[in-house]
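The structure presented is a predicted model; accordingly, all values stated were derived computationally and were not measured.
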Amino acid sequence: MTSTTLPILLLLGGFVLQLLLARWLTPVGKGVLATAVVFASFLASLTLVPASMAGVAAEAPLLAGWDGPLSIGLRVDGLSVLFMVMGTGIGAAILLFSVRYMEHEEQGTTRFYAIMLIFVAGLLLLAGAADMLGAYVAWEVIGLCSYSLVGFWYKQKAATDGARKVLVITHLAGYGFLVGLVLVYARAGTLAWTDPAVASAFTSGVAALFIVAAMAKSVMFPLHTWIPEAMNAPTPVSALLHSACYVKAGVYLIARMYVVGGGQWHEAMGTPLLAVGCVTILVGVIFAMAQTDLKRLLAFHTVSQLGYIVVGLALGTDLGLAAGLFYCLSHALFKGTLFMCAGAIQHATGTRDLRDLGGLASAMPGTAKVWIIAAASIAGVPLTNGFVAKWLLFSAALDKGLLVVVLVGWIGSILTAFSFLKATVNAFYGVPSKALLGRAVHEASPSMLAGMGSMAGLCLLFGVAPQLLMLPIVAPAVRSLGFDWAVEMSWLGILTDRGTIAVTVGGGVVLASAMLGLLVYRLAQAPAPGLVSVYSGGEPLPAGDRPGAVDFAEMAEIAFHPVYSLDPDPGYLRIWRALTRVAGAAQTAADAVLEDRPLLPIGLVAIAALAGVWLV
């Protein structure tokens with residue numbers, strides 16, 4: 001056992017302990033054990049940071065030469081360390097949240113925590129795999145874990161339907177990864193990411209196959225439609241799936257492709273990938289605005305935010321990659337926090353429907369504060385890590401003269417802020433809805449607040465001092481992909497190597513935004529002399545009425561009706577039903593022909609086997 005393999009081995013050991021001690025541990029005990037194991041894995045991952053900062057890639061064989069030239073091993077470089085630290089750090093916070101969230105589950109907690117540990121271990125194996133075969137094995141492990149976790153409440157039809165949809169869409173697209181690596185091996189005789197022979201075999205066609213697989217995993221339009229259905233899982237599953245372990249697998253695959261031949265694939269595929277990212281930004285946020293279910297709203301925002309990340313990676317520059325990877329880490333923090341807040345709301349009120357919420361800030365002040373920090377971060381408010389991530393991304397796009405990308409990102413940010421204004425007001429402010437009258441709404445437990453509060457605190461810390469994350473984690477990852485980039489970043493995310501004007505403008509924007517935010521806060525704290533009427537554009541509202549989630553959703557549906565007609569899900573369903581009918585007809589025909597002739601299928605299989613041996 002080496003320091004390279006220790007993070008993965010700790011998780012596998014925790015998985016075994018969950019199974020062995022299941023009979024004696026309570027649900028809370030199982031959660032504490034899982035949290036401790038993932039936190040230990042996080043600490044073990046941090047020990048790999050110094051080597052990655054020095055540019056050293058640590059290697060550790062797992063199955064050396066197990067089938068001729070094929071072998072499975074680890075090669076942990078800067079990019080690997082980034083995803084390992086992200087997966088274990090976010091995972092530890094989410095599992096801490098899960099301790100009290102899952103304590104009342106009567107059955108299945110052993111299964112839940114055991115699969116969650118394998119889920120995190122799968123991401124670590126994917127990030128550290130030295131070759132494409134090991135990465136693909138981890139890719140499928142992650143997929144199977146997500147299928148099991150989304151369908152955790154398998155007695156509910158919505159959960160099982162959602163799990164099947166996740167598996168079908170991502171698994172079918174994942175065959176692009178499999179076909180691509182088979183083509184590479186047939187041409188190069190090896191699958192090692194850094195082997196020069198792989199670089200010559202990694203054509204633009206292979207890159208396109210890999211990108212299709214990544215698009216489904218990372219919810220890129222039009223392969224994003226599975227993610228709202230995954231919201232029928234327990235909230236900790238949604239949080240981990242959206243923030244770190246599932247949707248980020250596709251991000252990793254796109255980033256890892258840059259080590260192959262110096263990113264030669266980018267010349268042919270960079271522009272299409274950039275276009276997909278821009279479309280995904282807008283589609284995700286526009287669909288989010290029409291949601292009244294809090295978790296579905298967050299799910300569509302995941303689609304939009306992954307678009308920003310992919311745009312950064314698609315730019316193909318050192319600053320673009322740094323922006324994309326910093327955004328990847330920032331998204332893990334604020335999106336994991338938002339999902340945990342949504343889970344705390346559902347845990348306390350029994351609903352996540354914005355139409356049935358309201359006035360929760362008084363009953364859940366801690367949750368409200370954490371939510372507001374994370375919501376500000378995802379909207380890109382200064383002094384948060386979300387602002388720094390967008391600032392870097394826009395700077396990288398401007399460096400390449402891509403004003404359209406900046407415009408798309410800016411529009412997406414405005415709509416994101418509008419969407420979260422709707423969610424925040426309807427959930428935490430105003431008067432409680434009729435559905436909550438008489439219900440004793442309680443604040444989240446201390447461990448739940450600690451899990452989501454720690455991540456919200458990091459959103460602020462890395463917004464004020466992003467160099468704490470950029471220097472040890474992001475910069476080594478960028479350099480490991482073959483880019484010679486020296487970080488020159490100061491407080492608040494201002495790039496000091498962009499010239500005097502850029503630094504002055506950047507500092508001015510941050511300062512002005514901070515002062516405006518302080519002014520708004522002071523005005524909000526000032527007591528009103530009396531009741532204030534709602535401005536409704538000249539149309540008086542009925543007595544006691546106020547704009548709610550439905551009003552916002554209807555407004556979005558009217559304004560963006562043409563966009564909603566672009567939903568590819570109905571087309572997918574028609575294809576699925578047609579394939580089901582063809583398969584049923586084929587089975588009926590086969591039964592009619594083969595049932596009375598049992599030797600016929602045996603003969604056909606024998607002929608196929610002989611033909612395969614002859615061809616080999």
Side-chain angles (χ1 to χ4, degrees), residues 52 55 77-79 82-83 193 199 202 204 207 210-211 214 218 220 248 250-281 305-331 380 385-410 412 466-467 469-471 473-490 493-499 501-503 505-506:
S52 70
D77 58 8
L79 184 67
L82 183 148
F83 280 86
W193 288 110
F202 201 84
S204 58
F210 277 43
I211 288 173
S218 292
M220 294 287 102
K248 298 300 173 59
V251 173
Y252 169 81
L253 184 60
I254 294 173
R256 177 57 72 192
M257 287 163 57
Y258 276 100
V259 306
V260 181
Q264 61 189 11
W265 60 272
H266 182 267
E267 183 176 353
M269 300 304 302
T271 300
L273 185 60
L274 191 66
V276 168
C278 288
V279 171
T280 300
I281 290 173
Q305 295 300 305
L306 265 291
Y308 283 99
I309 297 171
V310 170
V311 163
L313 299 183
L315 291 174
T317 63
D318 52 5
L319 183 57
L321 284 168
L325 293 176
F326 186 89
Y327 210 126
C328 180
L329 293 170
S330 299
H331 174 263
N385 59 349
F387 171 79
V388 176
K390 286 183 170 64
W391 182 269
L392 292 174
L393 182 62
F394 294 166
S395 298
L398 288 174
D399 278 356
K400 294 197 69 174
L402 298 174
L403 295 177
V404 174
V405 172
V406 178
L407 180 62
V408 168
W410 178 68
Q467 63 269 35
L469 188 63
M470 186 67 74
L471 292 173
I473 304 295
V474 177
V478 174
R479 289 193 289 267
S480 71
L481 299 177
F483 291 84
D484 186 16
W485 184 53
V487 182
E488 296 186 30
M489 174 181 287
S490 68
I494 299 173
L495 295 169
T496 57
D497 63 338
R498 317 313 287 180
I501 295 179
V503 173
V505 172

| said: Closer than 3.5 angstrom, by distance alone: can the side chain of Gln264 be matched with the main-chain N or O of Ala199 as a donor-acceptor pair? | reply: yes
| Leu481 and Leu79: side chain to side chain contact (heavy atoms under 4.5 Å, CB included), yes or no, with the steps? | CA-CA 8 Å; Leu481 299 177; Leu79 184 67; 3.8 Å; yes
| said: Restricting to non-hydrogen atoms, name the atom on Gly409 and the atom on Phe394 that form the minimum distance, rounded to 0.1 Å. | reply: C-CZ, 3.6 Å
| said: Between Trp265 and Tyr258, is the ring centroid distance below 6.0 Å? | reply: yes
| query | What pair of heavy atoms forms the shortest contact from His266 to Ala314, and how long is it? | reply | NE2-O, 2.5 Å
| said: Let me confirm one number: the CH2-CZ distance from Trp193 to Phe202, rounded to the nearest 0.5 Å. | reply: 6.0 Å
| task | Please identify each residue that fulfils side chain to side chain contact (heavy atoms under 4.5 Å, CB included) with Ser330, with sequence neighbours left out. | result | Phe326, Phe334, Asn385, Ala389
| Straight-line distance of Ser218 OG to Leu253 CG, nearest 0.5 Å | 8.5 Å
| task | Start with the C-alpha gap between Leu325 and Ile309, add the side-chain angles, then the distance that decides, and say whether side chain to side chain contact (heavy atoms under 4.5 Å, CB included) holds. | result | CA-CA 7 Å; Leu325 293 176; Ile309 297 171; over 6 Å; no
| request: Give a yes or no on whether the backbone of Leu315 and the side-chain of Lys400 come within a donor-acceptor separation of less than 3.5 Å. | output: yes
| query | If you look only at pairs with a residue in residues 307-325, which of them pass as a side chain to side chain donor-acceptor pair (under 3.5 Å), with sequence neighbours excluded? | reply | Tyr308-Ser413
| task | For Val251 and Cys328, work out which heavy atoms get closest and say how close. | result | CG1-SG, 4.2 Å
| request: Apply side chain to side chain contact (heavy atoms under 4.5 Å, CB included) to the pair Leu329 and Leu82, showing each step before the final yes or no. | output: CA-CA 8 Å; Leu329 293 170; Leu82 183 148; 3.9 Å; yes
| said: Using only atom types and a distance under 3.5 Å, with no angle test, would you say the side chain of Lys248 pairs donor to acceptor with the backbone of Phe83? | reply: no
| Would a 4.5 Å heavy-atom cut-off, applied to side chains only, mark Ser480 and Val259 as touching? | no
| Does the side chain of Met470 come within less than 4.5 Å of Leu392's, by heavy atoms? | yes
| said: Set out, in order, the CA-CA distance, both residues' side-chain angles and the distance that settles side chain to side chain contact (heavy atoms under 4.5 Å, CB included) for Gln305 and Tyr327, then state yes or no. | reply: CA-CA 9 Å; Gln305 295 300 305; Tyr327 210 126; 2.6 Å; yes
| said: Can you list everything that forms a side chain to side chain contact (heavy atoms under 4.5 Å, CB included) with Cys278? Sequence neighbours excluded, please. | reply: Val311, Val405, Val408
| query | Side chain of Ser52, backbone of Pro476: donor and acceptor closer than 3.5 Å? | reply | no
| request: Can you measure from CG (Leu306) to CE (Met220) and round to the nearest 0.5 angstrom? | output: 4.5 Å
| query | Distance from Leu313 atom CG to Leu273 atom CG, nearest 0.5 Å? | reply | 7.5 Å
| task | Provide the closest heavy-atom pair for Asp77 versus Arg256 in the form atom of the first, atom of the second, distance. | result | OD2-NH1, 2.8 Å
| task | Measure the shortest side-chain to side-chain distance between Met257 and Ile211 over non-hydrogen atoms and say whether it is less than 4.5 angstrom. | result | yes
